[in-house]
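One structure is given here, and the rest of the page talks about it.
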Amino acid sequence: GNSVTQMEGPVTLSEEAFLTINCTYTATGYPSLFWYVQYPGEGLQLLLKATKADDKGSNKGFEATYRKETTSFHLEKGSVQVSDSAVYFCALSDPGNEKLTFGTGTRLTIIP
Amino acid sequence: DAGVIQSPRHEVTEMGQEVTLRCKPISGHNSLFWYRQTMMRGLELLIYFNNNVPIDDSGMPEDRFSAKMPNASFSTLKIQPSEPRDSAVYFCASSPFDGSGRNEQFFGPGTRLTVL
């Protein structure tokens with residue numbers, strides 16, 4: 001079955017540091033890949049997505065590239081802000097199926 | 001536009017009582033998902049519907065849990081009887097369904113349930 005493995009947290013960084021959160025996946029076909037973010041006290045919201053190999057998703061300074069050869073979708077941001085403090089979830093879905101398989105989430109804290 | 005609406009936002013009840021959580025999906029979305037989130041187990045999919053029909057309920061913990069979607073604009077998740085281990089945040093999410101698997105799920109704000 002499908003699975004998503006993401007970097008264990010929590011992660012604490014200083015403001016303006018470079019961020020990488022690793023995500024690898026196992027899937028039988030050609031899944032779509034997503035990063036969702038959850039701010040304190042809120043539901044999850046889509047941060048970015050990529051639907052085929054070599055696609056790059058980007059939003060709010062975050063980027064992730066769909067790497068089929070390494071089955072990875074690592075999240076990066078060049079300069080983090082305190083407002084980026086949240087929990088980040090990597091997820092995938094199969095074609096023909098709207099069900100998402102989520103990773104365990106990575107809690108990110110940015111200190112001024 | 002209104003997003004996914006959940007009620008109540010907070011619920012505190014005593015063990016053995018019946019609890020009903022409600023969800024109104026975004027208009028035009030025909031897939032609806034119920035999730036549970038806890039520190040210990042993370043985010044779990046309980047059940048999802050396409051066009052009001054339950055498609056996968058393999059995540060429903062046990063017979064105490066039931067979910068219905070009587071129409072396209074309303075769904076309920078019921079726990080009867082409730083137990084302290086059911087304490088969690090319950091999220092409802094909706095998405096358009098086109099069979100591609102590429103669509104974003106839109107999450108509601110969640111219902112925080114505490115069973116004493």
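The figures that follow rest on heavy atoms only: side chains count, while hydrogens, waters and symmetry mates do not. Naming convention: chains lettered A, B, ... in sequence-line order (proteins, then strands); numbering from 1 in each chain.
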Cluster overlap [X] with [Y], hydrophobic side-chain contacts below 4.5 Å:
X      : Y     : result
A:L108 : A:L47 : yes
A:I21  : A:L92 : yes
B:Y48  : B:Y90 : no
B:F91  : B:I55 : yes
A:V80  : A:V11 : yes

Atom group of B:Y35 that falls short of 4.5 Å from chain A, counting heavy atoms: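 Contact with chain A: side chain only.
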
Under 4.5 Å from any heavy atom of chain A - which part of B:F97: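 When you check distances to chain A, atoms from both the backbone and side chain of B:F97 fall under 4.5 Å.
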
Walk me through it: do A:Q45 and B:F106 pass the test side-chain contact (heavy atoms from CB on, under 4.5 Å)? CA-CA 7 Å; A:Q45 56 186 269; B:F106 292 79; over 6 Å; no

Measure A:L100 against the heavy atoms of chain B and call it side chain, backbone, both or neither at under 4.5 Å.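 When you check distances to chain B, atoms from both the backbone and side chain of A:L100 fall under 4.5 Å.
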
Would you say the side-chain atoms of B:Q37 and A:Q38 include a donor-acceptor pair closer than 3.5 Å?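 Indeed, the side chains of B:Q37 and A:Q38 share at least one donor-acceptor pair under 3.5 Å.
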
Can you confirm whether [X] is buried at [atom1], in the sense that more than 12 heavy atoms of other residues, nucleotides or ligands lie under 6.0 Å from that atom?
X     : atom1 : value
B:D63 : CG    : no
A:Q81 : CD    : yes
A:Y30 : OH    : no

Working to the nearest 0.5 angstrom, can you tell me the gap between [X] [atom1] and [Y] [atom2]?
X     : Y      : atom1 : atom2 : answer
A:L44 : B:L43  : CG    : CG    : 6.0 Å
A:K99 : B:S58  : NZ    : OG    : 4.5 Å
B:L32 : A:E98  : CG    : CD    : 12.5 Å
B:E44 : A:F102 : CD    : CZ    : 12.5 Å

side-chain contact (heavy atoms from CB on, under 4.5 Å) between B:Q105 and A:F34, intermediate numbers included: CA-CA 10 Å; B:Q105 288 187 18; A:F34 305 81; over 6 Å; no

Nearest heavy atoms of B:N103 and A:K49, plus distance in Å: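 Heavy-atom minimum between the residues: CA-NZ, 4.4 Å.
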
